[in-house]
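Inspection log for the structure reproduced underneath, given as C-alpha cells.
As the structure is a prediction and not an experimental result, all values here were calculated from the model.
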Amino acid sequence: MEEAQVVETMDGTIAVASSFPGHQEAILNKDHKFLSKAIEEAYHGVDCGDGGPFGAVVVCNDQVVVSCHNMVLRKIDPTAHAEVTAIREACKKLGKLELGDCEIYTSCEPCPMCFGAIHLSRIKRLVYGAKAEAAIAIGFDNFIADALRGTGFYQKASLEIKQADANGAVIAEQVFEKTKEKFQMY
C-alpha cells in the first residue's frame with residue numbers, strides 16, 4: 001500500500017491526500033462523471049428555455065440525489081439558480097436542512113448567492129467547472145466575479161444599502177432576544 005500524504009491546511013485541519021494506489025485517479029473520475037452531469041443539465045436548461053446555461057448536481061454516497069438546471073426564466077424567480085434549485089430539491093428529497101454528507105457539482109463557479117446557499121446547507125464539497133469569467137464573457141453580470149475575487153465589493157449594485165436608524169435597529173434586534181426560547185436552531 002502506498003504511503004498516505006498528510007496535508008495540513010491553513011485552518012489547521014488535516015487531510016489525507018492519498019490513502020491507496022489510484023486514489024487521486026478515482027476521485028478525478030468521480031468528479032468528471034458528476035461534473036459532466038451538471039454540464040448536461042446546463043445544456044438542457046437552455047434547450048428547454050428554463051434559464052441560463054448553469055447546471056448543478058447534488059451527490060450523496062456517490063449517488064445522484066438531484067440534478068437541476070437554472071430555472072430563472074421558467075419560475076420568473078431571480079433566485080432560481082441551478083445551485084439553489086438543487087439544494088432546495090435535495091433538502092426536500094432527503095427530508096433535512098443540512099446536507100453535510102453531500103457534495104455539489106456545478107457547471108460554473110457559483111455566484112455569491114449560490115455560494116451562500118451551499119455554505120448554509122453545510123454541503124461538504126463543491127466541485128465546479130467553468131470560472132465565473134466564462135459567464136461574464138457572454139453577458140452575465142461581472143458583480144459575480146467582483147464579489148468572489150474581492151474586487152469592487154457592491155461596485156455594480158444599483159441599490160442603496162443602509163442599516164435602519166438606531167431605534168429601528170434596536171427593535172429589529174429584539175426579535176432575536178424575544179424568540180430565542182421559542183426557536184431553537186436545528
Side-chain angles (χ1 to χ4, degrees), residues 7 9 15-20 22-152 156:
V7 179
T9 63
V16 177
S18 176
S19 55
F20 60 88
H23 176 74
Q24 293 299 335
E25 186 177 336
I27 293 294
L28 289 174
N29 288 341
K30 177 183 103 162
D31 288 351
H32 180 75
K33 172 184 167 184
F34 295 125
L35 184 58
S36 293
K37 181 74 173 150
I39 293 165
E40 286 174 25
E41 278 290 341
Y43 281 114
H44 177 65
V46 171
D47 289 345
C48 66
D50 287 344
F54 304 95
V57 175
V58 174
V59 173
C60 185
N61 298 320
D62 294 335
Q63 299 295 315
V64 172
V65 176
V66 295
S67 182
C68 298
H69 55 264
N70 184 291
M71 299 287 285
V72 168
L73 298 177
R74 168 158 303 212
K75 294 189 178 218
I76 311 169
D77 178 357
T79 69
H81 291 196
E83 299 90 336
V84 172
T85 301
I87 290 167
R88 287 174 178 158
E89 294 301 315
C91 287
K92 278 190 233 173
K93 187 171 183 177
L94 297 173
K96 58 186 183 177
L97 290 173
E98 290 190 0
L99 302 173
D101 54 348
C102 296
E103 301 169 291
I104 190 165
Y105 293 82
T106 65
S107 62
C108 187
E109 186 174 17
C111 74
M113 175 186 70
C114 292
F115 183 77
I118 291 165
H119 172 75
L120 290 173
S121 69
R122 307 295 191 248
I123 287 175
K124 68 179 178 181
R125 186 167 182 259
L126 159 67
V127 177
Y128 67 87
K131 294 193 71 60
E133 286 78 7
I136 293 164
I138 66 164
F140 284 90
D141 196 340
N142 67 357
F143 169 73
I144 295 168
D146 287 346
L148 291 170
R149 312 275 183 275
T151 57
K156 293 218 20 147

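Qualifying side-chain hydrogen bond (donor to acceptor under 3.5 Å, both in side chains) partners for Asp31, counting only residues two or more places apart in sequence or in other chains: Tyr105, Arg125. Checked against salt bridge (charged side-chain N to carboxylate O under 4.0 Å, His left out), Lys96 has the following partners two or more places apart in sequence or in another chain: Asp101. Listed by chain and number, the residues in a salt bridge (charged side-chain N to carboxylate O under 4.0 Å, His left out) with Glu89 are Lys92 (sequence neighbours excluded).
The heavy-atom pair separating Cys114 from Val84 by the smallest distance is SG-CG2, 3.9 Å. Residue Gly52 comes nearest to Val46 through the heavy atom pair C-CG2, 3.8 Å, listed as atom of the first residue, atom of the second, then distance. The minimum heavy-atom distance between Ala82 and Phe54, with the atom names listed, is CB-O, 3.5 Å. When all heavy atoms of Leu99 and Ala90 are compared, the pair lying nearest together is CD1-CB, 4.0 Å. The two atoms that bring Leu73 and Gly49 nearest to each other are CB-O, 3.9 Å, heavy atoms only. The heavy-atom pair separating Met113 from Pro78 by the smallest distance is CE-O, 4.1 Å.
In this structure, Glu103 and Val127 have side chains that are not in contact, with every pair of non-hydrogen atoms separated by 4.5 Å or more. Here the side chains of Ser67 and Glu40 are not in contact, with every heavy-atom distance at 4.5 Å or above. Considering only heavy atoms from C-beta on, Ile87 comes within 4.5 Å of Ile123 through its side chain. Taking 4.5 Å as the limit, some side-chain heavy atom of Cys102 sits within range of a side-chain heavy atom of Leu94.
When each of Val58, Ile39, Leu126 is tested with Thr106 by the rule side chain to side chain contact (heavy atoms under 4.5 Å, CB included), just one qualifies, namely Leu126.
Atom NE2 of residue His69 and atom OG of residue Ser107 lie 11.5 Å apart, to the nearest 0.5 angstrom. How far OG of Ser121 is from CD of Glu83: 11.0 Å, rounded to the nearest 0.5 Å. For the atom pair CG (Asp50) and NZ (Lys75), the distance works out to 9.0 Å, reported to the nearest 0.5 Å.
Residue-environment remark: CD1 (Ile76) stays at or below the threshold of 12 foreign heavy atoms within 6.0 Å. Around CG of Asp47, the count of heavy atoms belonging to other residues, nucleotides or ligands within 6.0 Å exceeds 12.
Lys30 places no side-chain N or O within 3.5 Å of a backbone atom of Asp62 that could act as its donor or acceptor partner. Remark: side-chain polar atoms of Asn70 are paired, donor with acceptor, to backbone N or O of Val72 under 3.5 angstrom. Between the side chain of Glu109 and the backbone N or O of Ala132, at least one donor-acceptor pair lies under 3.5 Å.
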### Message
Determine whether Glu41 and Thr85 satisfy the following criterion, side-chain contact (heavy atoms from CB on, under 4.5 Å), listing intermediate values before the conclusion.
### Response
CA-CA 12 Å; Glu41 278 290 341; Thr85 301; over 6 Å; no
